[in-house]
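Have a look at the structure below, then the notes.
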Amino acid sequence: MSKSTDEIFKNVISHAKEYGFVFPSSEIYDGLSAVYDYGQFGAELKNNIKTYWWKAMVQMNDNIVGIDSAIFMHPKIWKASGHVDGFSDPMIDNKITKKRYRADQLIEGKIDELRAKGLAAYPDNKPIDNQTPPNEDLYLNEDLQKAQEIEKKLNDLLIAEDLGGLKELIIQYKIKDPLSKEEPDWTDVRQFNLMFSTQMGAVADDADVVYLRPETAQGIFVNYLNVQKSGRMKIPFGIAQIGKAFRNEVIARQFIIRMREFEQMEMQFFVRPGTQKEWFNQWKEARLKWHLALGTDAAKYRYHEHVKLAHYADAAYDIEFEFPFGFKEVEGIHSRTDFDLSQHQKFSGKKLQYFDPEVDPDTNKPYGNYIPYVIETSIGLDRMFLLTMINAFEEEDLSTEDKQDSRTVLHLHPCLAPVKAAIFPLTKKDGLPEKAREIMDRLKIDFNIQYEEKDAIGKRYRRQDAIGTPYCITVDHQTLEDNTVTIRHRDSMEQERVAAADLDKIIGDGVSWRNLLK
RNA sequence: GCGGAAAUAGCUCAGCUGGUAGAGCAUCAGUUUCCCAAACUGAAGGCCGCGGGUUCGAAUCCCGUUUUCCGCUCCA
């Protein structure tokens, strides 16, 4: 990361705060780590991004519908999804090297080491899978025995969630810091629960633990049958949702890139098994197009293929954006197989099958009952927000030979801009304010409009540039005579004189969703 | 959570070896101004992050604490 890009990122953050886009949460109480609030313009921009997504996904696709599921869900859902087990890790630190490890992985490392050593004792009869000795029962040597013994203890401790036991195990078998030859000084093993839990019910004794959802997807899966039946949906079809999710990140930093409370825009697309690859490719392309339609330089985007796939996936790509601190994931497109629905079928005991009456040309019979496969598109709204801010942000040098000059401008797509137009009387007298307000009262029905009469006209233009307002309309003395105004364009800073009556159409065309969705 | 750095007006900062807080911009009121910032007059704005200690006296020295930044660790 060069200094200047680092600088830009810092400037975007302070710009976001200074102009009412993003504030640190609870700031007057010293803040709350990794939690942020969206201010007056941030909320508008965020809403506009949501609208763009919702229109592109739900409104433009007649086989996709949107839902809004609750954040609280039955605790069993997170057992079924694997989050209860997979989302909490026992961690241990070496006080000497200051390195942190997952305690279970440290022990597994020891097991692997012992195995390798033990297996080396069978030179003539190399085991095929590098794990099992040639004849386990007969020839278990000391190292292999020990490996087996530790493995069993590890599993027991993990199931019992015995953190003290894990530490004892590490000390007992003299497990070293893999990165240091020195004798390690271990801290206690601590559990990092990535899911937030809370209690349901006012009386604590009776209360069951419920989790704040760590992803919105499960709210879609558990409603899959409701939506399919009530909407008479036919495969392939999708369910979209925008909503908050919560993760207790070990380290949550880098502004709104990683927050404890964040918002996701997800769509789960249900398809016939065997067709997932084709749909996966289609959504992978469609989603990148959605990003590029905003006019972002394509070179700032790239796909990143997951080589190591999660247990439920058979393909996964991320869409990454080049932030000032490097390429980071903004959106994931994952082929989730039938894992989630199968799990929920198993844990809930409810059949989640779909009867497909279409005839398979190969067998001449209907496809019949199956659990659909799922293609997921999941975009982080807050990351999209930051991406949009960074991409739009420019400190423009307008200096001429006689005068130093610069402006800070957000080149937001007009559809996303928080304020669509600002209206200024050129001066505060001669009836210009009244005229300007009259025009504004008409425009504000359709558009988010700001009115400003304070300060020099140039200053007012620059203030609007800083929040990305695409149009500034100025009422001058000529307006009083012939009802024309000047309209000034943010990016070019050029002005034209138009009839006040044409403003609705000019602004309307400029901020129309047609520009993005056509 | 660990290590390093930082914290003074809304923002950017100054404030030397301890002597009771200052600038520019921004804000507010007014003046000026017929189209691209920083014109004029005036005003307001500070638990010097918080708590404790040393001292006659602390923004300044010491200890603790909180928050932020930069690394490390984690990331479905």
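Please read all numbers here as calculations on a predicted model, not as lab measurements. Letters A, B, ... mirror the listed sequences (proteins, then strands); counts begin at 1.
- Atom CE of A/Met259 is separated from atom C1' of B/rC75 by 16 Å (rounded to the nearest Å).
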When you compare the protein's N or O atoms with those of nucleotides 5-10 of chain B, which come within less than 3.5 Å of each other, and at what distance?
none

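- Going from the P atom of B/rC13 to that of B/rA9 covers 11 Å, rounded to whole Å.
- Considering only the side chain of A/Lys10, B/rC69 comes nearest among B/rA76, B/rC34, B/rC69.
- A distance of about 31 Å separates the P atoms of B/rA44 and B/rG52, rounded to the whole Å.
- Per the geometry, CZ belonging to A/Phe424 stands 11 Å off C1' belonging to B/rC35, to the nearest Å.
- Looking at which nucleotide of RNA chain B each of A/Arg463 and A/Lys428 is closest to, the 5′-most match is held by A/Arg463.
- Between the CD atom of A/Glu376 and the C1' atom of B/rA76 there is a distance of 9 Å, given to the nearest Å.
- A salt bridge links A/Glu376 to A/Arg336: one of the charged nitrogens lies within less than 4.0 Å of a carboxylate oxygen.
- Rounded to an integer number of Å, the gap from CD of A/Glu452 to C1' of B/rU27 is 13 Å.
- A cation-pi contact links A/Arg437 to A/Tyr451, judged by a cut-off of 6.0 Å to the six-membered ring centre and 45° from its axis.
- Judged by a 6.0 Å distance limit and a 45° cone about the ring axis, A/Lys420 is not positioned over the six-membered ring of A/Phe447.
- Using atom P as the reference point in both B/rG51 and B/rC75, the two lie 41 Å apart (nearest Å).
- Evaluation of atom-type donor-acceptor distances gives a pair under 3.5 Å for the side chain of A/Asp476 against the base of B/rC35.
- One atom, CD of A/Glu215, and another, C1' of B/rC75, lie 13 Å apart when rounded to the nearest Å.
- Residues A/His15 and A/Ala466 approach most closely at NE2-O, 2.7 Å, considering heavy atoms.
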Practice task
For each nucleotide in nucleotides 36-41 of chain B, reading 5' to 3', give B when a protein heavy atom comes within less than 4.0 Å of its base, S when such contact involves only the sugar-phosphate, and - otherwise.
Solution key: BBB---
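- Nucleic acid contact for A/Thr427: none, since no nucleic acid atom lies under 4.0 Å from a heavy atom of the residue.
- Look at A/Lys435 and A/Glu438 and you find a salt bridge, because one of the NZ, NE, NH1 or NH2 atoms lies within 4.0 Å of a carboxylate O, short of that distance.
- Taking a pair as Watson-Crick or G-U with both hydrogen-bonding distances under 3.5 Å, the stems of three or more pairs touching RNA chain B are B:1-7 with B:66-72, B:10-13 with B:22-25, B:27-31 with B:39-43, B:49-53 with B:61-65.
- Crowding of A/Phe72 atom CZ: a count of heavy atoms from other residues, nucleotides or ligands under 6.0 Å not exceeding 12.
- Across the C1' atoms, B/rU67 and B/rA23 are found 27 Å apart, a figure rounded to whole Å.
- Residue A/Lys454 places its side chain closer to B/rC28 than to any other of B/rC28, B/rC74, B/rU27.
- At whole-Å resolution of the value, CZ in A/Phe23 and P in B/rU68 are 17 Å apart.
- Screening A/Arg213, A/Arg383, A/Lys46 for a salt bridge (Lys or Arg N to Asp or Glu O under 4.0 Å) involving A/Glu263 leaves a single residue, A/Lys46.
- If you take atom C1' in B/rC63 and the same atom in B/rC25, they sit 38 Å apart, rounded to whole Å.
- For A/Arg258 and B/rU73, the shortest distance from a side-chain N or O to OP1 or OP2 is not below 4.0 Å.
- Only the C1' atoms considered, B/rA26 is 11 Å distant from B/rG45, to the nearest whole Å.
- Whole-Å rounding puts the A/Ile77 CD1 to B/rA76 P distance at 22 Å.
- Judged by the 6.0 Å distance and 45° axis criteria, A/Lys284 is positioned over the aromatic ring of A/Tyr303.
- Minimum atom distance to the side chain of A/Arg247 is reached by B/rA76, of the listed B/rU27, B/rC69, B/rA76.
- Rounded to an integer number of Å, the gap from CG of A/Asp455 to P of B/rC25 is 13 Å.
- Atom name C1', nucleotides B/rG46 and B/rC11: the rounded distance is 15 Å, in whole Å.
- As rounded to the nearest Å, B/rA6 and B/rA14 have P atoms that lie 12 Å from one another.
- A salt bridge links A/Arg497 to A/Asp476: at least one charged side-chain nitrogen sits closer than 4.0 Å to a carboxylate oxygen.
- Expressed to the nearest 0.5 Å, how far CG of A/Leu341 lies from CD1 of A/Ile371 amounts to 6.5 Å.
- Between A/Val475 and A/Arg383, the residue anchored closer to the 5' end of RNA chain B is A/Val475, taking for each the nucleotide with the nearest heavy atom.
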Exercise for the section: Please test A/Arg488 against A/Asp465 for salt bridge (Lys or Arg N to Asp or Glu O under 4.0 Å), starting from the C-alpha separation and ending with a verdict. Expected result: CA-CA 11 Å; A/Arg488 178 256 195 192; A/Asp465 290 340; 2.7 Å; yes
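- Atoms CD1 and NE2, from A/Ile506 and A/His489 in turn, are 7.5 Å apart once rounded to the nearest 0.5 Å.
- Counting non-hydrogen atoms of neighbouring residues, nucleotides and ligands closer than 6.0 angstrom, the CZ atom of A/Phe339 exceeds 12 such neighbours.
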